[in-house]
Structure formats: structure tokens, C-alpha cells
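Mind having a look at this structure? Questions to follow.
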Protein chains: 2
Amino acid sequence: MRALTALSERSVPTVSSEELAAAAGVNSAKLRKDFSYLGSYGTRGVGYDVEYLVYQISRELGLTQDWPVVIVGIGNLGAALANYGGFASRGFRVAALIDADPAMAGKPVAGMPVQHTDELEKIIEENGVSIGVIATPAGAAQQVSERLIAAGVTSILNFAPTVLQVPEGVDVRKVDLSIELQILAFHEQRKAGDAEAAAAAAASVLPPRAADGPTRKGPDGDVPAVMPA
Amino acid sequence: MRALTALSERSVPTVSSEELAAAAGVNSAKLRKDFSYLGSYGTRGVGYDVEYLVYQISRELGLTQDWPVVIVGIGNLGAALANYGGFASRGFRVAALIDADPAMAGKPVAGMPVQHTDELEKIIEENGVSIGVIATPAGAAQQVSERLIAAGVTSILNFAPTVLQVPEGVDVRKVDLSIELQILAFHEQRKAGDAEAAAAAAASVLPPRAADGPTRKGPDGDVPAVMPA
DNA sequence: ATTTGTGAACAATTTCACAGCG
DNA sequence: CGCTGTGAAATTGTTCACAAAT
């Protein structure tokens with residue numbers, strides 16, 4: 001969509017799967033196959049009509065309608081999310097900011113007064129909110145999710161570092177900022193390790209590990225296997 | 001790891017793949033297979049030693065060392081990241097906060113003075129930073145990434161809504177907050193659509209779509225296919 | 001002359017199911 | 001007997017390659 005929107009802004013009328021794939025950094029066959037699930041919107045020998053494709057994808061992805069969301073937990077992250085311009089421009093309207101701290105109540109954040117958790121159910125029902133964002137500390141997240149769900153929310157974006165237990169039919173997506181960094185650090189470590197492997201093996205004067213475990217039995221000998229990222 | 005840490009805090013000595021899988025919400029066979037890539041750390045008939053497993057996984061994931069990181073772009077999101085406690089507790093040390101706005105220079109954010117972009121190269125070299133976080137507007141992200149990479153950064157966590165073009169050997173992970181919400185909205189729409197499908201079909205008085213395209217030819221008739229999330 | 005749309009081939013990942021160990 | 005470790009099977013996802021369409 002981002003690549004398409006860029007083309008649209010440059011008034012490019014049509015694009016081939018090959019061009020679009022290059023712009024988006026994906027395989028052209030995959031792109032065509034994905035589009036084919038939406039229907040046959042391309043023209044053979046020509047490509048895809050940019051505007052029409054934007055419209056069809058927007059519609060299919062639900063970008064043509066407005067989604068009211070609530071943000072629960074107005075700490076640093078919650079406030080950053082409230083101020084984040086990317087939401088409004090993509091059809092998300094922040095219906096309310098909710099925090100459990102009574103001292104926060106009434107304080108303006110992103111030009112909107114923070115409301116107390118007591119109001120949670122009322123806010124959700126009055127605004128027909130079906131998507132909630134949880135930016136509370138880990139300890140509060142499960143309870144907040146239960147209240148959100150009881151009040152009618154069926155999709156949750158969870159920034160708290162906990163696995164939420166939710167009933168069937170409720171979607172949860174988790175964003176864990178630390179894990180993203182950890183994944184990078186993991187690969188970073190491997191880059192360094194590969195370079196040092198020979199040297200370390202040759203000059204090993206390190207003591208064996210304290211809690212001595214069984215020797216590695218995996219198929220790759222001593223080389224640690226790659227875990228999926 | 002989170003599930004394991006919780007067990008460790010409760011001083012649970014051993015855990016079976018079945019129990020741990022239930023706690024983490026995954027399949028027990030997958031968990032065993034994943035662990036087997038690290039080596040054979042379990043005991044048949046008993047399970048895994050929690051402490052030993054925590055240690056082995058930490059080591060393998062690179063959690064035993066400290067990673068200095070820089071955050072570039074100290075807007076709302078950058079400030080939230082700077083204040084985010086989760087980084088420090090997982091071995092990430094914020095070495096510097098960098099912003100292009102001269103007015104920001106010297107201002108304290110998260111108890112640390114913001115430094116100007118001019119200092120970027122110096123900071124990275126002096127601190128041996130190999131991981132950079134980009135929280136700038138989309139327009140600045142590519143240029144920032146190039147400077148980071150030229151100065152020695154080889155892993156980037158990108159919050160800007162752009163696909164970064166980076167040379168071989170540099171890892172990029174992208175976090176796009178809007179896309180997370182869009183994915184939820186997509187499923188939300190489908191939930192609603194499924195319920196309304198029958199009614200809509202029966203009582204369709206809507207005009208045909210304005211820009212009329214070819215009729216859907218996909219194998220599923222008129223039912224939109226599920227796109228991978 | 002191009003480029004789509006898509007079966008079929010291929011590749012990766014997940015799960016099953018059970019031999020074998022403690 | 002319970003539980004790991006892991007081949008084999010099942011499933012899911014991606015890419016190839018080409019007939020069909022314009």
C-alpha cells in the first residue's frame with residue numbers, strides 16, 4: 001500500500017507486478033498471487049491500474065472505514081501513541097485516553113483529557129469501540145483486557161509484556177519493543193561470533209561452564225542452530 | 001523466556017515441555033524441537049531444569065551481554081522509547097539520544113541530555129554502538145540509516161514508516177504501529193462482514209461500484225480470500 | 001510484445017507419534 | 001512409567017514457469 005500510494009502521488013497510472021514488487025522489496029509472483037485473492041484487477045500486457053488497486057486494497061483491508069480506538073495506560077508509551085499522527089491518517093480515531101491513576105484524570109494529553117478507568121465501560125459502549133490499545137504495565141494488562149472485552153472490545157493491541165488470556169473470537173496482537181531489540185542483538189552476536197569462532201577455538205583458556213550439562217547432540221555438531229526470527 | 005522466568009521466580013525446579021508449552025501458548029513438540037537445536041538439556045522422564053534452561057537460552061540469545069544503543073529522533077515516540085524501562089532490564093543501555101533539532105540539544109529526556117545529529121558519528125564510535133533505533137519522521141529515516149551504518153551500526157530498529165534501503169550485512173527490523181492496528185481492523189471487518197453477509201445479499205439495494213472492474217474470477221466465487229496476517 | 005493469473009514444484013515450518021532413555 | 005528427542009508426515013507458504021489475455 002505504501003509503495004502504491006507513492007505511485008499514486010506521482011500520478012503514475014499503471015504499474016506492473018515486477019515494478020511494484022521491486023519498490024516494495026518482495027517477489028513479483030507472490031504479489032500477483034496475493035492480488036489474485038482479491039480478484040482479477042490487473043490487465044495482461046499492461047499491469048495494474050494504480051488508483052483502482054489502491055481502492056480495492058483499501059476496501060479489502062478495511063481502510064475505508066473509521067475505527068474508534070481507546071488507549072488504556074497513559075504513561076510514556078501511551079502518551080506517545082496518543083500523539084502519534086500515523087493513526088489518524090489511517091482511519092483510526094482515538095476515542096479516549098484512559099488511565100487508572102486518579103491524578104491523571106482530566107490532564108490533557110494530545111489535546112484530549114485523560115479519563116479514569118471507572119469510565120472505561122461507558123466510553124466503549126457510547127463510542128462503539130471495538131479496538132483497544134493496552135499500554136499499561138504488565139501487571140495490569142490482563143485485568144484491563146478483561147474489562148475491555150466485557151465491554152465489547154474484540155481486538156486488542158497489546159504493548160504490555162504479557163501473554164493475554166482471551167476468549168475465543170477476540171484478536172490480540174502483541175508489540176514487544178524489547179523483543180525487537182533482542183532479535184537484533186541475537187543476530188548481532190552471531191555476526192561477531194562467526195568472526196571470532198576460529199580464534200576462540202584456537203586460544204581457549206576459558207574454564208568449562210560451571211553447571212556442566214550434556215554435550216551438544218544436535219545434527220550440526222557444535223554450531224548453534226539458527227532459531228527462527 | 002518470559003514463562004521460564006516466571007517459573008524461576010516461583011522457584012519451580014523443573015518443567016516439562018508440556019507444562020511450559022501451555023504457559024507460553026505454543027505446541028509442546030515445537031518447543032522440544034527448538035530446545036533440541038540448543039543441545040540436549042532436558043532429562044527424559046523428568047523435564048527441563050528451569051535455571052539451567054534459563055541460563056542456556058540467555059546465553060544463546062545474547063542476553064548475557066550488554067548492548068549500547070542510540071535512539072535517533074527524540075519526538076514523542078523517541079522520548080517514550082528513552083523512558084521505556086524494558087530496555088535496561090534486558091541488557092540494552094541507551095548510550096545517547098540524538099535529534100536533528102538544535103532546539104532539542106541539551107534538553108534532558110529520561111535523565112539524559114539530547115545530543116545533536118552532528119555528534120552522531122562520534123557517539124557511535126566512542127561507545128562501540130552496533131544497534132541503532134530510528135524514531136524520526138519517514139523523510140529523514142533513510143539518511144539517518146546511512147549515517148548510522150557508515151559510522152559502524154549493523155542493526156537497526158526502524159519505527160519510521162519507510163522501507164530502508166541498506167547494504168548487505170545490515171539487519172533491519174521494522175515496527176509499524178499503524179500496520180498493527182490495520183491488521184486488527186482487517187480482522188474486525190471480517191468478523192462484522194461474516195455476520196452481515198447474508199443480510200446484505202438478501203437486501204442489496206446498493207448501486208454497483210462506481211469504477212466498475214472485471215468480475216471476481218477467484219476460486220472462491222464472491223467470498224474474499226483470507227490474506228496472511 | 002508484455003504482463004497477468006495460476007497450476008505445479010519446491011521450500012520451509014509445524015505437528016505427529018513413538019523409540020528410547022532415565 | 002513419563003517425558004525427551006527426533007525421524008517422518010502433514011501442513012503451510014513461496015517461487016517457478018508458462019498458457020492465456022490484451
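The sequence lines fix the lettering, A, B, ..., with proteins before strands; numbering per chain opens at 1.
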Item to check | Among C:dG22, C:dT14, D:dT6, the one nearest B:Arg32 by side-chain distance | outcome: D:dT6
Checklist entry - At under 4.0 Å, does any side-chain N or O of B:Asn27 touch on OP1 or OP2 of C:dT13? => result no
Checklist entry - Does A:Asp176 have any salt bridge (Lys or Arg N to Asp or Glu O under 4.0 Å) partners at least two apart in sequence or in another chain, and if so, which? => result A:Lys174, B:Arg2
Item to check | Integer-rounded Å distance: D:dT4 P and B:Asp49 CG | outcome: 13 Å
Next on the checklist: Please report the distance, rounded to the nearest Å, between OH in B:Tyr41 and C1' in C:dC21.
Outcome noted: 19 Å
Checklist entry - Between B:Phe35 and B:Tyr41, does the ring centre distance come in under 6.0 Å? => result no
Item to check | For atom CG of B:Leu20 and atom P of D:dG2, their distance in whole Å | outcome: 20 Å
Item to check | Between C1' of D:dG13 and CG of A:Asp34, the distance in whole Å | outcome: 10 Å
Next on the checklist: Contact between A:Val153 and A:Ile131 at the side-chain level, heavy atoms closer than 4.5 Å - yes or no?
Outcome noted: no
Polar-atom pairs under 3.5 Å, protein N or O versus N or O of nucleotides 8-11 of chain C: list them with distances, or write none.
from	atom 1	to	atom 2	distance (Å)
C:dA8	N6	A:Lys33	NZ	3.2

Checklist entry - Quick one: A:Gln56 CD to C:dT4 P, roughly how many Å, whole number? => result 17 Å
Checklist entry - So, A:Glu188 versus B:Thr154: side-chain donor-acceptor pair below 3.5 Å or not? => result yes
Checklist entry - Is any side-chain N or O of A:Arg44 under 3.5 Å from a base N or O of C:dT4, one able to act as donor and the other as acceptor? => result yes
Next on the checklist: Quick check on D:dT4: is either OP1 or OP2 less than 4.0 Å from any side-chain nitrogen or oxygen of B:Ser17?
Outcome noted: yes
Checklist entry - Which residues pass the side chain to side chain donor-acceptor pair (under 3.5 Å) test with B:Arg93, sequence neighbours left out? => result none
Item to check | Qualifying salt bridge (Lys or Arg N to Asp or Glu O under 4.0 Å) pairs with a residue from residues 14-24 of chain B, counting only residues at least two apart or across chains | outcome: none
Next on the checklist: With nearest nucleotide decided by heavy atoms, which residue, B:Val15 or A:Thr43, maps closer to the 5′ end of DNA chain D?
Outcome noted: B:Val15
Checklist outcome for this item: Interatomic distance, CG@A:Leu184 vs CD@A:Glu180, rounded to 0.5 Å, equals 7.5 Å
Checklist outcome for this item: Across all chains, not counting sequence neighbours, the side chain to side chain donor-acceptor pair (under 3.5 Å) partners of A:Gln182 are none
Checklist outcome for this item: Stems with DNA chain D, 3 or more Watson-Crick or G-U pairs in a row (under 3.5 Å), are C:1-22 with D:1-22
Checklist entry - Any side-chain N or O of B:Tyr48 under 4.0 Å from OP1/OP2 of D:dG5? => result yes
Checklist entry - Looking just at side-chain N and O atoms, do A:Gln56 and A:Glu60 make a donor-acceptor pair shorter than 3.5 Å? => result no
Checklist outcome for this item: Separation of D:dT15 atom C1' from A:Glu18 atom CD, nearest Å, is 12 Å
Item to check | Rounded distance (Å) that lies between atom C1' of C:dT3 and atom CZ of A:Phe35 | outcome: 14 Å
Checklist entry - A:Tyr37 has an atom OH; how far is it from atom C1' of D:dT14, in whole Å? => result 10 Å
